Structures are given as C-alpha cells and as structure tokens.
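Quantities reported herein were computed from a predicted structural model and do not represent experimental measurements. All heavy atoms count here, side chains included; hydrogens, waters and symmetry mates do not. Note that the numbering runs from 1 along the sequence shown for the chain.
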Amino acid sequence: MVSVLMMKTATAEDEGLPIVFLDIDDVLCLNNPYGGSDALEAVKGRHADPDTVLREIFAAEPKRVLESVHKEMGGQLRYVISSTWRQVFSREQIERVFRTTDVAFVAVGLHEKWETPSGLRRTDRIEEIESWLHRYHRGEPFVVLDDDYSGTSLTGIDEDIRHPLAARVVLCNVGVGLTVEHLPIILDALRRPFTEHSKERDDLPHSGRPGRNVWCR
C-alpha cells in the first residue's frame with residue numbers, strides 16, 4: 001500500500017514532475033469480471049452492486065505494478081488519463097474509481113490538465129497524446145501506458161529514435177495488462193530527461209484532430 005506521504009494533493013509546485021499517460025482498459029481493467037460500463041453505472045449509482053464493482057474493476061497484478069512504479073519514483077508523479085473513459089467519466093467520477101480500487105495515488109496525482117483532448121471526430125491515440133504534449137508539456141520526462149488494441153497507432157515508435165515518444169511507450173497485451181516485466185522500461189522513461197536539444201520538441205504537432213466521443217477501448 002502506498003503511504004499517505006506519497007499521496008499529497010497536487011499543487012503548482014509539482015510542475016516538472018514526470019508524467020504517466022494512463023490508459024485503463026487492458027492496462028488496469030481486464031474487463032473480467034467487470035468493465036468500463038459497469039464502473040460508469042457504479043459511480044452513477046445505477047449498478048446493483050456498485051461497491052463490489054469498484055473494488056474489483058482493476059486486476060490485482062496490474063495494480064501492484066503501477067503501485068511499484070509510484071513507490072520507485074517516490075510518489076513524485078503526475079497522471080494524465082488517455083483512456084476513452086475520460087470521454088464518459090467526469091474528473092470526480094474518475095477520481096472515485098481510483099480511490100475505491102486502492103490506487104488512490106492516481107486520483108491524488110492527477111495533472112491539472114488531467115485528460116488528453118477529445119472532440120467530435122475520431123483520432124488515433126498517438127495524435128491525442130502528441131496534442132496534449134504540444135499544449136501542456138514543459139519538458140518533463142514521461143511514459144505512455146497503453147495496450148496493443150487501443151494503442152495500435154503507437155506501435156513501432158521505437159524504430160525512429162528521434163521520435164519524441166521513442167522508448168517512452170509500453171503496450172500491454174489485451175487481457176493481461178501491466179506486468180513486472182514492464183517495470184524497467186517504465187522507470188527508465190520516467191527517469192530519463194526529455195532532451196530539448198534535438199528535434200523532439202519541434203516534432204510535436206501544433207494540434208491534433210479532435211477525437212470522437214464514443215465508448216471504445
């Protein structure tokens with residue numbers, strides 16, 4: 001369990017902390033036995049057993065891995081939700097989910113700009129993340145935690161070492177989620193400075209096409 005000392009409320013002084021772009025489905029939530037629609041019904045008070053849903057919505061092993069990341073970084077992280085859950089959950093509802101599932105440190109550590117952008121038309125995950133980076137990134141180290149279904153557009157990033165996301169993307173297997181094998185990659189990305197001297201900043205787009213407001217993974 002992450003101690004309360006690692007769960008202080010985010011403040012303006014926390015600017016510059018490493019950032020975790022966090023997908024939810026097939027990263028933390030394996031949709032067995034519950035999925036995002038169950039969680040939404042639970043936080044809206046419409047599920048027959050909301051407490052059980054919110055206790056069990058995230059798988060045990062992925063939660064432990066994310067907690068290990070948080071501990072290894074001394075609790076000094078900010079989180080940005082890149083999951084499509086952001087399109088149907090409010091910030092307050094997302095925070096309730098994380099607080100009830102024993103990963104309250106994510107709720108406490110949500111970035112002021114807590115979600116990647118979405119709109120009326122469909123975008124790829126890479127465009128949404130790059131759009132957020134262009135608008136709000138201040139040079140912090142970061143890592144992208146996604147899965148190989150919703151994060152298809154992130155596949156092959158490492159083939160171009162000059163790409164701003166190179167060596168900063170972890171794609172989980174569908175139905176498996178985060179595992180201990182991901183820890184070294186995640187921690188390396190969060191500890192490695194974002195180099196400003198190359199084309200990394202210039203390669204970020206000035207805007208991305210806005211996303212479509214649909215329920216998907």
Side-chain angles (χ1 to χ4, degrees), residues 1-10 19-73 75 77-112 114-116 118 125 128 143-152 170-183 186 211-217:
M1 188 72 66
V2 174
S3 72
V4 292
L5 295 177
M6 292 187 179
M7 291 173 52
K8 67 185 183 65
T9 302
I19 296 168
V20 176
F21 289 94
L22 185 61
D23 185 23
I24 296 177
D25 283 305
D26 291 306
V27 175
L28 293 173
C29 174
L30 305 185
N31 295 283
N32 180 24
Y34 303 111
S37 58
D38 297 297
L40 187 61
E41 291 294 295
V43 295
K44 289 185 174 182
R46 298 200 296 245
H47 197 282
D49 193 0
D51 292 338
T52 298
V53 169
L54 295 179
R55 280 197 308 268
E56 301 181 6
I57 192 71
F58 296 157
E61 178 65 11
K63 284 199 300 183
R64 282 193 292 268
V65 173
L66 190 62
E67 182 175 356
S68 295
V69 170
H70 199 80
K71 284 183 175 180
E72 287 287 334
M73 296 300 297
L77 293 174
R78 295 279 74 84
Y79 294 87
V80 176
I81 305 301
S82 55
S83 168
T84 48
W85 285 38
R86 76 198 190 283
Q87 296 174 349
V88 291
F89 288 77
S90 67
R91 176 171 181 148
E92 292 72 22
Q93 290 168 336
I94 283 282
E95 287 183 353
R96 181 183 171 192
V97 172
F98 283 109
R99 291 181 188 278
T100 310
T101 55
D102 293 330
V103 281
F105 56 86
V106 174
V108 173
L110 280 182
H111 197 283
E112 179 185 2
W114 68 278
E115 57 181 337
T116 52
S118 61
R125 186 62 50 84
E128 295 163 354
V143 71
V144 176
L145 306 184
D146 218 297
D147 68 273
D148 53 17
Y149 178 82
S150 61
T152 302
V170 169
L171 294 180
C172 304
N173 291 330
V174 171
V176 177
L178 284 173
T179 69
V180 293
E181 285 76 15
H182 294 132
L183 276 173
I186 296 170
R212 184 176 59 187
N213 188 19
V214 296
W215 182 266
C216 60
R217 299 195 306 177

- The reported gap from CD1 in Ile57 to CD1 in Ile24 (rounded to nearest 0.5 angstrom) is 9.0 Å
- Message: Could you check whether any side-chain heavy atom of Val27 comes within less than 4.5 Å of a side-chain heavy atom of Leu66, counting everything from C-beta outward?
- Response: no
- Going through the distances and angles, do Leu178 and Ile186 end up as a side-chain contact (heavy atoms from CB on, under 4.5 Å)? CA-CA 10 Å; Leu178 284 173; Ile186 296 170; 4.0 Å; yes
- Do Val180 and Glu61 touch side chain to side chain, with heavy atoms closer than 4.5 Å? yes
- Results of ring pair (Phe, Tyr, Trp, His ring centres under 6.0 Å) for Phe58 - residues two or more places apart only: Phe98
- Qualifying residue for side chain to side chain contact (heavy atoms under 4.5 Å, CB included) with Arg125, from Thr116, Val144, Asp23, Thr152: Asp23
- Would you confirm whether Arg86, through its side chain, and Ser83, through its main-chain N or O, come within 3.5 Å as a donor-acceptor pair? yes
- Message: For the CG atom of Asn32 and the CD atom of Glu56, what is their distance to the nearest 0.5 Å?
- Response: 10.5 Å
- Item | Value rounded to 0.5 Å, distance of SG in Cys172 from CG in Asp146 | 8.0 Å
- Task: Could you give me the CA-CA distance, side-chain angles and deciding distance for Leu30 and Val176, then say whether side-chain contact (heavy atoms from CB on, under 4.5 Å) is met?
- Result: CA-CA 7 Å; Leu30 305 185; Val176 177; 5.8 Å; no
- Note on the structure: Smallest heavy-atom separation, Leu171 atom then His182 atom, equals O-NE2, 4.2 Å
- Item | For Ser82, all residues meeting side-chain hydrogen bond (donor to acceptor under 3.5 Å, both in side chains), sequence neighbours excluded | none
- Query: Is it true that a side-chain atom of Asp26 and a backbone atom of Gly175 form a donor plus acceptor pair closer than 3.5 Å?
  - Reply: yes
- Task: State, to 0.1 Å, how close Gly109 and Arg78 come at their nearest heavy-atom pair, and which atoms those are.
- Result: O-NE, 2.9 Å
- Query: Going through the checks in order, is the side chain to side chain donor-acceptor pair (under 3.5 Å) test met by Ser150 and Asp25?
  - Reply: CA-CA 9 Å; Ser150 61; Asp25 283 305; over 6 Å; no
- Short question: side chain of Lys63, backbone of Asp102 - any donor-acceptor pair under 3.5 Å? no
- Item | Val97 vs Trp85 side-chain heavy atoms within contact, under 4.5 Å | yes
- Between atom CG of Leu40 and atom NE2 of His47, what is the distance when rounded to the nearest 0.5 Å? 11.0 Å
- Query: Which residues pass the salt bridge (Lys or Arg N to Asp or Glu O under 4.0 Å) test with Arg91, sequence neighbours left out?
  - Reply: Glu95
- Message: Does Tyr34 form a side-chain contact (heavy atoms from CB on, under 4.5 Å) with Glu41? I'd like the steps, not just the answer.
- Response: CA-CA 11 Å; Tyr34 303 111; Glu41 291 294 295; over 6 Å; no
- Which heavy atom in Thr100 sits nearest to a heavy atom in Arg96, and how many Å separate them? OG1-O, 2.7 Å
- Query: Taking all non-hydrogen atoms of both residues, which atom of Cys29 and which atom of Gly35 are closest, and how far apart?
  - Reply: SG-CA, 3.9 Å
- Query: Which atoms form the tightest heavy-atom contact between Thr52 and Asp49, and what is the distance?
  - Reply: OG1-OD2, 2.7 Å
- Note on the structure: Rounding to 0.5 Å, atoms CH2 (Trp114) and CD1 (Ile94) come to a distance of 5.5 Å
- Heavy atoms of Glu67 and Phe105 approach each other most closely as CA-CZ, 3.7 Å
- Message: To the closest 0.5 Å, what do you measure between CG (Leu28) and CG (Leu145)?
- Response: 8.0 Å
